[in-house]
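Take a look at the structure set out below.
Every heavy atom of this structure was used, including side-chain atoms; hydrogens, water molecules and symmetry mates were not. So you know, we letter chains A, B, ... as the sequences are listed, proteins then strands, and number each from 1.
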Amino acid sequence: MKTTQLFTKTRKQAPADEVSKNAQLLIRAGFIHKEMAGVYTYLPLGLKVVEKIKQIVREEMNAVSSQELIMTNLQSSEKWETTGRWDDKTVDIWFKTRLKDDTEIGLAWSHEEPIVEMLKQHISSYKDLPVSVYQFQTKLRNELRAKSGIMRGREFVMKDMYSICVDENQHNDYYNAVIEAYKKVYDRLGIGEDTYVTFASGGAFTKFSHEFQTVCEAGEDKIHLYKDKKIAVNEEVMNEESLKSLGIEAHDKPVEVNCSEVGNIFNFGTDKSEQMGFNFTDENGQKQFAYLGSYGIGITRVMGVIAEKFSDENGLVWPQSIAPYQVYLASVGESEEVRSATDKLYEELMAKGIEVLYDDRDVRPGEKFADADLLGIPTRVVVSEKTLAEASVELKKRTSKDVSIVKITEVVDKLYKSIN
RNA sequence: CGGGGUGUGGCGCAGUUGGUAGCGCGUGCGGUUUGGGACCGCAAGGCCGGAGGUUCGAGUCCUCUCACCCCGACCA
């Protein structure tokens with residue numbers, strides 16, 4: 001992609017109505033556009049990042065034999081009434097609307113009840129199990145107060161997965177496999193080291209849930225880390241009873257850190273299937289209640305967390321795995337020689353399948369460098385008369401100040417190897 | 001939802017005691033520039049969130065309303 005063709009330009013100033021770092025940077029860099037409080041459009045650059053995050057999640061969910069589908073955003077009230085969660089007093093973030101015939105319907109803030117109802121109709125035998133399905137869907141939540149840019153919006157993209165197992169062992173095995181799959185996801189997203197499996201409230205259905213909390217100054221949660229025991233506990237469940245059940249003693253001293261919840265998984269056991277009448281026939285012809293699990297990852301929130309965590313005073317700093325482009329190619333000086341050499345390099349990089357953003361604008365070098373930094377592209381390649389005099393180009397990592405000189409004949413291979 | 005704050009060209013802001021809007025960035029054209037967001041000139045672009053009111057006259061005062069931001073509460 002050439003900068004002159006790319007939809008959206010960067011801007012020097014962030015809009016006054018954004019305070020959170022992630023939104024300021026993402027807006028300045030042209031990744032997102034604010035529609036209203038807590039509601040953002042994902043522009044071409046932002047969409048690329050979202051899709052890359054989704055693809056990593058997709059690969060890891062497929063690896064635990066889950067199958068992708070997509071549910072609807074319009075939901076009937078019936079499905080939620082069986083669990084008592086249609087009530088606005090129980091779930092206070094519902095967006096509700098009406099059909100022309102006055103039927104009240106809800107806009108999806110979660111898909112748990114609808115998906116269980118749907119699965120019920122397709123599963124009747126132990127031979128159908130275990131099953132796991134997932135989707136990437138837009139969730140709509142009528143939050144009283146949106147905040148923190150894309151980290152807590154009223155409309156956001158979430159991966160939610162649901163597993164159905166025949167018994168506790170099968171279920172626990174799967175649940176643990178998902179925990180491992182989640183760890184792989186966060187590793188690949190570059191936040192593995194700072195992401196902790198955390199004990200948290202399980203809400204209405206389970207005593208505890210597991211959250212994946214990423215250390216982040218802008219996060220809304222506070223967790224207590226017991227590093228020696230490798231246990232993290234959400235502040236919301238810090239009480240004697242839960243600490244005792246986790247084997248934490250009085251002399252264990254935790255470290256408190258701000259975190260953002262990037263994933264949350266629930267072990268429902270058979271509670272939910274009993275409530276919703278989800279059963280299947282076992283080998284003996286007996287009706288059994290299914291074991292259910294639910295597993296979420298906030299796709300757009302993860303993007304916000306990464307934008308917050310890795311950015312510096314010059315802008316965004318994307319991990320290579322989710323950067324919108326791998327290489328920022330910039331020509332310095334507008335001589336015919338520089339121009340044609342850069343054009344040629346651009347074509348060669350493209351031919352190798354390297355995602356490159358070519359800054360082909362006729363602007364001063366400083367502006368190109370500033371934009372390369374703001375956009376957070378991992379590698380910057382500069383072609384100028386100076387470098388061409390030595391048949392070379394400059395290479396610079398976004399995360400480093402060092403500039404290396406590479407022969408122009410070798411740069412494509414070198415980049416290809418560093419990316420693949 | 002409680003408390004606080006802000007709405008003026010695309011963005012960031014200024015606008016004195018009310019006298020029918022100004023700056024920077026950005027944009028277009030011309031020119032000089034070209035290694036960390038250059039500079040000169042010209043130009044386009046706003047009825048001041050919306051409605052009502054006071055007044056000879058309202059961006060400036062009053063009322064209502066909408067939107068947005070922050071703190072808190074909330075976050076199965």
Checklist entry - Under a 4.0 Å N-O cut-off, is there an ion pair linking Lys183(A) with Glu180(A)? => result yes

Checklist entry - For RNA chain B, what residues of residues 301-308 of chain A have any heavy atom nearer than 4.0 Å? => result none

Checklist entry - Atom CG of Leu25(A) to atom C1' of G37(B): distance rounded to whole Å? => result 16 Å

Checklist entry - When we call it a touch if two heavy atoms are under 4.0 Å apart, what does Lys386(A) touch: a base, just sugar-phosphate, or nothing? => result base

Next on the checklist: What contact category does Glu394(A) fall into here, base, sugar-phosphate, or nothing, at under 4.0 angstrom with non-hydrogen atoms?
Outcome noted: base

Next on the checklist: Using the P atom as the point on both nucleotides, what is the distance between A73(B) and G10(B), in whole Å?
Outcome noted: 38 Å

Next on the checklist: What's the gap between A21(B) and G36(B) when it is taken at their C1' atoms, as a whole Å value?
Outcome noted: 37 Å

Next on the checklist: Work out how far the C1' atom of A67(B) is from that of C25(B), and round it to whole angstrom.
Outcome noted: 25 Å

Checklist entry - Taking only residues two or more places apart in sequence or in another chain, which ones pass side chain to side chain contact (heavy atoms under 4.5 Å, CB included) with Asn258(A)? => result Glu217(A), Lys222(A)

Nucleotide N/O of nucleotides 66-68 of chain B paired with protein N/O under 3.5 Å:
from, atom 1, to, atom 2, distance (Å)
C68(B), OP1, Ala37(A), N, 3.1
C68(B), O3', Lys34(A), NZ, 3.4

Item to check | Identified pairing partner of C47(B), criterion: Watson-Crick or G-U wobble below 3.5 Å | outcome: none

So which protein nitrogen or oxygen atoms get under 3.5 Å of nucleotides 23-30 of chain B's nitrogens or oxygens?
from, atom 1, to, atom 2, distance (Å)
G24(B), N2, Gln13(A), OE1, 3.3

Checklist entry - Who are the side-chain hydrogen bond (donor to acceptor under 3.5 Å, both in side chains) partners of Tyr328(A), not counting sequence neighbours? => result Asp359(A)

Checklist entry - Distance between the C1' atoms of G24(B) and G9(B), in whole angstroms? => result 13 Å

Checklist entry - Looking for any heavy atom pair under 4.0 Å, which part of the strands does Glu220(A) touch: base, sugar-phosphate only, or nothing? => result base

Checklist entry - Contact class for Thr387(A) (heavy atom, under 4.0 Å): base, sugar-phosphate, or nothing? => result base

Checklist entry - For Ile93(A), what residues pass the side chain to side chain contact (heavy atoms under 4.5 Å, CB included) criterion, not counting sequence neighbours? => result Val91(A), Trp109(A), Arg141(A), Glu143(A)

Checklist entry - How long is the line joining CD of Glu385(A) and P of G35(B), in whole Å? => result 10 Å

Checklist entry - For atom P, what is the distance between C56(B) and C64(B), given to the nearest Å? => result 24 Å

Checklist outcome for this item: Contacts of Lys54(A) meeting salt bridge (Lys or Arg N to Asp or Glu O under 4.0 Å) (sequence neighbours excluded), chain-then-number -> Glu51(A)

Item to check | Lys139(A): partners by salt bridge (Lys or Arg N to Asp or Glu O under 4.0 Å), with sequence neighbours left out | outcome: Asp160(A)

Item to check | Selection from C1(B), G35(B), C70(B) that lies nearest to any side-chain heavy atom of Val332(A) | outcome: G35(B)

Next on the checklist: Tell me whether Lys34(A) contacts the main-chain N or O of Ile27(A) through its side chain, where contact means a donor paired with an acceptor under 3.5 Å.
Outcome noted: no

Checklist entry - Mind checking what makes salt bridge (Lys or Arg N to Asp or Glu O under 4.0 Å) contact with Lys397(A), not counting sequence neighbours? => result none

Checklist entry - Using purine N1 to pyrimidine N3 plus N6-O4 or O6-N4 for Watson-Crick, or N1-O2 and O6-N3 for G-U wobble, each under 3.5 Å, what pairs with A38(B)? => result U32(B)

Checklist entry - Aromatic rings His171(A) and Tyr291(A): how do their planes relate, parallel, tilted or perpendicular, breaks at 30° and 60°? => result tilted

Checklist entry - Hey, does the side-chain of Arg152(A) have a donor or acceptor N/O within less than 3.5 Å of a partner on the base of C74(B)? => result yes

Checklist entry - C1' atom, G37(B) versus G7(B): distance in rounded Å? => result 29 Å

Next on the checklist: I'd like to know whether Ser132(A) forms a side chain to side chain donor-acceptor pair (under 3.5 Å) with Tyr174(A), so could you lay out the CA-CA distance, the side-chain angles of the two residues, the decisive distance to 0.1 Å, and finally the verdict.
Outcome noted: CA-CA 9 Å; Ser132(A) 174; Tyr174(A) 193 76; 2.8 Å; yes

Checklist entry - Between atom CZ in Arg361(A) and atom P in G37(B), what is the gap in whole Å? => result 14 Å

Item to check | Nearest-neighbour nucleotide for the Leu374(A) side chain, G37(B), G10(B), C13(B) considered | outcome: G37(B)

Checklist entry - When you check the phosphate oxygens OP1 and OP2 of C39(B), does a side-chain N or O of Arg364(A) lie under 4.0 Å from one of them? => result no

Next on the checklist: Between C1' on C75(B) and CZ on Arg85(A), what's the gap in Å once rounded to a whole number?
Outcome noted: 14 Å

Checklist outcome for this item: Under a 3.5 Å limit on both distances, the Watson-Crick or wobble mate of G52(B) is C62(B)

Item to check | Distance between C1' atoms of G31(B) and G59(B) (Å, rounded) | outcome: 38 Å

Next on the checklist: Once ring-ring contact (aromatic ring centres under 6.0 Å, His included) is applied, do any residues pair with Phe136(A), and if so which ones, sequence neighbours excluded?
Outcome noted: Tyr134(A)

Next on the checklist: Roughly how many Å apart are U60(B) and G22(B), using the C1' atom of each and rounding to a whole number?
Outcome noted: 15 Å

Checklist entry - Within the structure shown, what part of the strands sits under 4.0 Å from Thr10(A) by heavy-atom distance: base, sugar-phosphate, or nothing? => result base

Checklist entry - So which pairs with a foot in residues 355-394 of chain A pass ring pair (Phe, Tyr, Trp, His ring centres under 6.0 Å), sequence neighbours left out? => result Tyr346(A)-Tyr358(A)

Next on the checklist: Could you check whether the side chain of Arg28(A) and the base of G37(B) have a donor-acceptor pair of N or O atoms closer than 3.5 Å, going by distance alone?
Outcome noted: yes

Item to check | For U6(B), the Watson-Crick or wobble counterpart (both distances under 3.5 Å) | outcome: A67(B)

Checklist entry - Val91(A) near the nucleic acid: base, sugar-phosphate alone, or nothing, with a heavy-atom cut-off under 4.0 Å? => result nothing

Item to check | Nearest-Å distance for atom pair CG/P, residues Asn142(A) and C1(B) | outcome: 10 Å

Checklist entry - Is there a Watson-Crick or G-U wobble partner for U17(B) with both distances under 3.5 Å, and which nucleotide is it? => result none

Checklist entry - Of Ser20(A) and Lys368(A), whose nearest nucleotide on RNA chain B comes first from the 5' end? => result Lys368(A)

Checklist entry - Which nucleotide in the set G35(B), G12(B), G37(B) lies at the smallest distance from any side-chain heavy atom of Asp371(A)? => result G37(B)

Checklist entry - If you look at every strand shown and take non-hydrogen atoms under 4.0 Å, does Ile93(A) touch a base, only sugar-phosphate, or nothing? => result nothing

Item to check | For Thr72(A), all residues meeting side-chain hydrogen bond (donor to acceptor under 3.5 Å, both in side chains), sequence neighbours excluded | outcome: none

Checklist entry - Is it true that Lys344(A) and Glu348(A) make a salt bridge, defined as a side-chain N closer than 4.0 Å to a carboxylate O? => result yes

Next on the checklist: Can you measure Arg145(A) atom CZ to C70(B) atom P for me and round it to whole angstrom units?
Outcome noted: 5 Å

Checklist entry - Between His33(A) (NE2) and G10(B) (C1'), how many Å, whole number? => result 11 Å

Next on the checklist: I need the CD-C1' distance between Glu113(A) and A76(B), as an integer number of Å.
Outcome noted: 9 Å

Checklist entry - Out of A76(B), C11(B), C74(B), which has the shortest distance to the side chain of Asp92(A)? => result C74(B)

Checklist entry - In this structure, are over 12 heavy atoms from other groups packed under 6.0 Å from Glu35(A) atom CD? => result yes

Item to check | Nucleotide opposite G72(B) in a Watson-Crick or G-U pair, distances under 3.5 Å | outcome: C1(B)

